[in-house]
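What you are looking at is a predicted structure, and each value in this text was computed from that prediction instead of being measured.
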Amino acid sequence: MFIAVAIVVGLVVGRLRGGRLANLGDTAFRVWPMLILGVVVQGAAAFTGGRAVAVILLSYVLLLAFCAANLNHAGMGVVLVGIALNLVVIGVNGGMPVRSDAIVAAGIVQRGEVAQLDFGAKRHLEDSGDRLTFLGDIVPVPGVGEVLSFGDLGMSVGVATVLANLLCRRARPSQRQSWEGSASTP
């Protein structure tokens, strides 16, 4: 949900800054199949049973490779950092730890109901054995009923920034136009 909101925000901000949606079609991304594969692999993780965390980590590696190859786009570095933060905390904990206080603060369930939640394959209720819990899902988003990590927030800001900047980018003059323009200048 948070990435969908980031996409909408990026598009709206880009349009408000005078950007054009047509610029998105003119954008070239390197190794773009890794983005598609990373998203598909992450979605497929729900169907892999006990190997779900390994599959999720693989999806993050694919997404990191896509981001690294496209650091020339403003904001992509922020997306890369957000993904890396989530990769680290999931990797060291065998899944994303979710803080129970954040679940309650987000309005997902009442305190006594937290233990009955199904966290799926990617997440688990934070416990004393978890490490780097400050990178886990600890940021409640009331009204939406979500708990986010700082990595999620970074990805969201980065995605919105990338889109807003892509909409607003100016077409570069061709080399010939640049040369002719400088040749006619006294």
What are the two closest non-hydrogen atoms of [X] and [Y], and how far apart are they?
| X | Y | result |
| --- | --- | --- |
| Gly38 | Ser59 | O-CB, 3.2 Å |
| Ala65 | Val31 | O-CG2, 4.2 Å |
| Ala164 | Val13 | CB-CG1, 4.0 Å |

Do [X] and [Y] belong to the same hydrophobic cluster, where Ile, Leu, Val, Met, Phe, Trp and Tyr are linked whenever their side-chain heavy atoms lie under 4.5 Å apart, directly or via other members?
| X | Y | result |
| --- | --- | --- |
| Ile90 | Phe119 | no |
| Phe29 | Val40 | yes |
| Val8 | Phe2 | no |
| Val79 | Val139 | yes |
| Val78 | Val81 | no |

Counting neighbours of CD on Gln116 that are heavy atoms of other residues, nucleotides or ligands and sit closer than 6.0 Å, is the number greater than 12?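 Yes, CD of Gln116 has more than 12 neighbouring heavy atoms, counting only those of other groups under 6.0 Å.
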
Under a 4.5 Å cut-off applied to non-hydrogen side-chain atoms, are [X] and [Y] in contact?
| X | Y | value |
| --- | --- | --- |
| Ile108 | Val147 | yes |
| Arg17 | Leu167 | no |
| Ile103 | Pro140 | no |
| Leu125 | Ser100 | yes |
| Met155 | Ile83 | yes |
| Glu113 | Val104 | no |
| Met96 | Val89 | yes |

How long is the straight-line distance from [atom2] of [Y] back to [atom1] of [X], given to the nearest 0.5 Å?
| X | Y | atom1 | atom2 | result |
| --- | --- | --- | --- | --- |
| Ser149 | Ile138 | OG | CD1 | 8.5 Å |
| Asn165 | Thr27 | CG | OG1 | 10.5 Å |
| Asn86 | Leu57 | CG | CG | 10.5 Å |
| Arg20 | Arg15 | CZ | CZ | 9.5 Å |
| Leu63 | Leu87 | CG | CG | 10.0 Å |
| Leu148 | Ser156 | CG | OG | 6.5 Å |

Output yes when a side-chain donor or acceptor of [X] lies under 3.5 Å from a complementary backbone atom of [Y], and no otherwise.
| X | Y | answer |
| --- | --- | --- |
| Arg131 | Val92 | yes |
| Asn70 | Arg30 | yes |
| His73 | Ala28 | yes |
| Thr133 | Asp130 | no |

Modelled atom types, side-chain donor and acceptor of His124 and Asn93, under 3.5 Å: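 No, no side-chain donor-acceptor contact under 3.5 Å.
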
For Asp152, the option from Ile3, Asp137, Val141 that meets side chain to side chain contact (heavy atoms under 4.5 Å, CB included):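 Only match with Asp152 under side chain to side chain contact (heavy atoms under 4.5 Å, CB included): Asp137.
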
Testing Leu11, Val12, Val5, Ile7 one by one against Val9 for a side chain to side chain contact (heavy atoms under 4.5 Å, CB included), which residue passes?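 Exactly one candidate clears the test, Val5.
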
Please name all residues satisfying salt bridge (charged side-chain N to carboxylate O under 4.0 Å, His left out) with Glu126, sequence neighbours left out, ordered by chain then number.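 Glu126 satisfies salt bridge (charged side-chain N to carboxylate O under 4.0 Å, His left out) with Arg99 only.
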
Less than 6.0 Å separating the ring centroids of Phe150 and Phe134?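 Aromatic pair excluded; centres sit 6.0 Å or further apart.
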
